[in-house]
Amino acid sequence: MKKNPTPTIPEKHRDFFSDVYDVVRQIPKGRVTSYGAIAAFLGTRSSSRMVGWAMNAAHGRIPPVPAHRVVNRKGLLTGRMHFSPPEQMEQLLAAEGVEIKEHTVQHFDKHFWDPAKELQL
DNA sequence: ACGCTGACTATTA
DNA sequence: CTAATAGCCAGCG
């Protein structure tokens, strides 16, 4: 245990970053997850926005963070506009076997990967 | 210091 | 199903 995951007192939000990146990097190929799932796994369920914020800082990070595998709870690739070419995100997902239509993950529940259930600690 | 914005989600109508 | 509202918190003008 790192410390109390209190959302109001992230003494070192850096831990939050590390945790987010660690989880995202463990997403299996061809799977996707949501910001809320990661946030809930970290204990900051309500701070799902902070996950996206962490993702924004994930660019240029090594080892690389597969941020393209993280979408919102509807399966919509809301973060596509933050990639070099916005279409890169769905392109990467498509290359991993994830069907994308109208910037949205098809069969989202099927490709969904929940760290709290699959990773389990 | 104050208000607005944003890679979000859950609840309520 | 959609629309509006609240909660969340770092960053920026």
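So that the names make sense, note that chain A is the first sequence line, chain B the second, and so on, each numbered from 1. The shown structure was predicted, so the numbers you read here are calculated from the model rather than taken from an experiment. Worth knowing before you read on, the calculation uses all heavy atoms, side chains too, and leaves out hydrogens, waters and symmetry mates.
- When the nucleotides C:dC8, B:dA7, B:dT9 are ranked by their closest atom to the side chain of A:S47, C:dC8 comes out on top.
- Note on A:S46: a base of the nucleic acid sits closer than 4.0 angstrom, heavy atoms only.
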Side-chain donor-acceptor distances from residues 73-94 of chain A under 3.5 Å, at least two apart:
{"unit_1": "A:R80", "atom_1": "NE", "unit_2": "A:L77", "atom_2": "O", "d": "3.3"}
{"unit_1": "A:R80", "atom_1": "NH1", "unit_2": "A:H103", "atom_2": "NE2", "d": "3.3"}
{"unit_1": "A:E90", "atom_1": "OE2", "unit_2": "A:H103", "atom_2": "ND1", "d": "2.7"}

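- Side-chain atoms of A:V70 and A:I27, non-hydrogen and from C-beta on, do get closer than 4.5 Å to each other.
- Nearest heavy atoms, A:A37 versus A:F112: CB-CZ, 3.9 Å.
- Nearest nucleotide to the A:H82 side chain, out of C:dC9, B:dT9, B:dA7: B:dA7.
- Here B:dT9 is the nucleotide among C:dC9, B:dA7, B:dT9 with the atom lying nearest to any side-chain atom of A:N72.
- In this structure, A:W53 atom CH2 and C:dC12 atom C1' are separated by 14 Å, rounded to whole Å.
- Side-chain to base pairing of A:H68 with B:dA7: no donor and acceptor N or O lie closer than 3.5 Å to each other.
- The heavy-atom pair separating A:F17 from A:A57 by the smallest distance is CE2-CB, 3.4 Å.
- When rounded to the nearest whole Å, the span between CD1 of A:I27 and C1' of B:dA7 equals 13 Å.
- One interatomic measurement links the two molecules: CD of A:Q88 to P of B:dA7, which rounds to 18 Å at whole-angstrom precision.
- Residue A:N56 contributes atom CG, which lies 9 Å from atom C1' of B:dG6 at whole-angstrom precision.
- Here B:dT5 presents its C1' atom at 11 Å from CE of A:M50, a figure rounded to the nearest Å.
- Regarding A:M55, its CE atom lies at a distance of 18 Å from the P atom of C:dC9, rounded to whole Å.
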Note to self: Under the criterion side chain to side chain contact (heavy atoms under 4.5 Å, CB included), I'd like the reasoning laid out for A:T44 against A:M50: C-alpha separation, chi angles, the key distance, then a yes or no.
What the structure shows: CA-CA 9 Å; A:T44 57; A:M50 298 301 95; 5.9 Å; no
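- Two residues are said to be in side-chain contact when any heavy atoms from C-beta on lie closer than 4.5 Å; A:T104 and A:Q106 meet this criterion.
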For nucleotides 11-13 of chain B, give me every protein contact, N/O to N/O, under 3.5 Å, one pair per line with atom names.
none

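- Taking atom CZ on A:F16 and atom C1' on C:dC8, their separation rounds to 11 Å, with Å as the unit.
- The CG-P distance, from A:L42 to C:dC9, rounds to 14 Å in whole Å.
- Under the salt bridge (charged side-chain N to carboxylate O under 4.0 Å, His left out) criterion, the residue pairs touching residues 92-101 of chain A are A:R69-A:E96, with sequence neighbours excluded.
- Comparing the same atom, C1', in B:dA7 and in C:dG13 gives a spacing of 22 Å after rounding to whole Å.
- Within the nucleic acid shown, A:A67 comes within 4.0 Å of at least one base atom, counting heavy atoms only.
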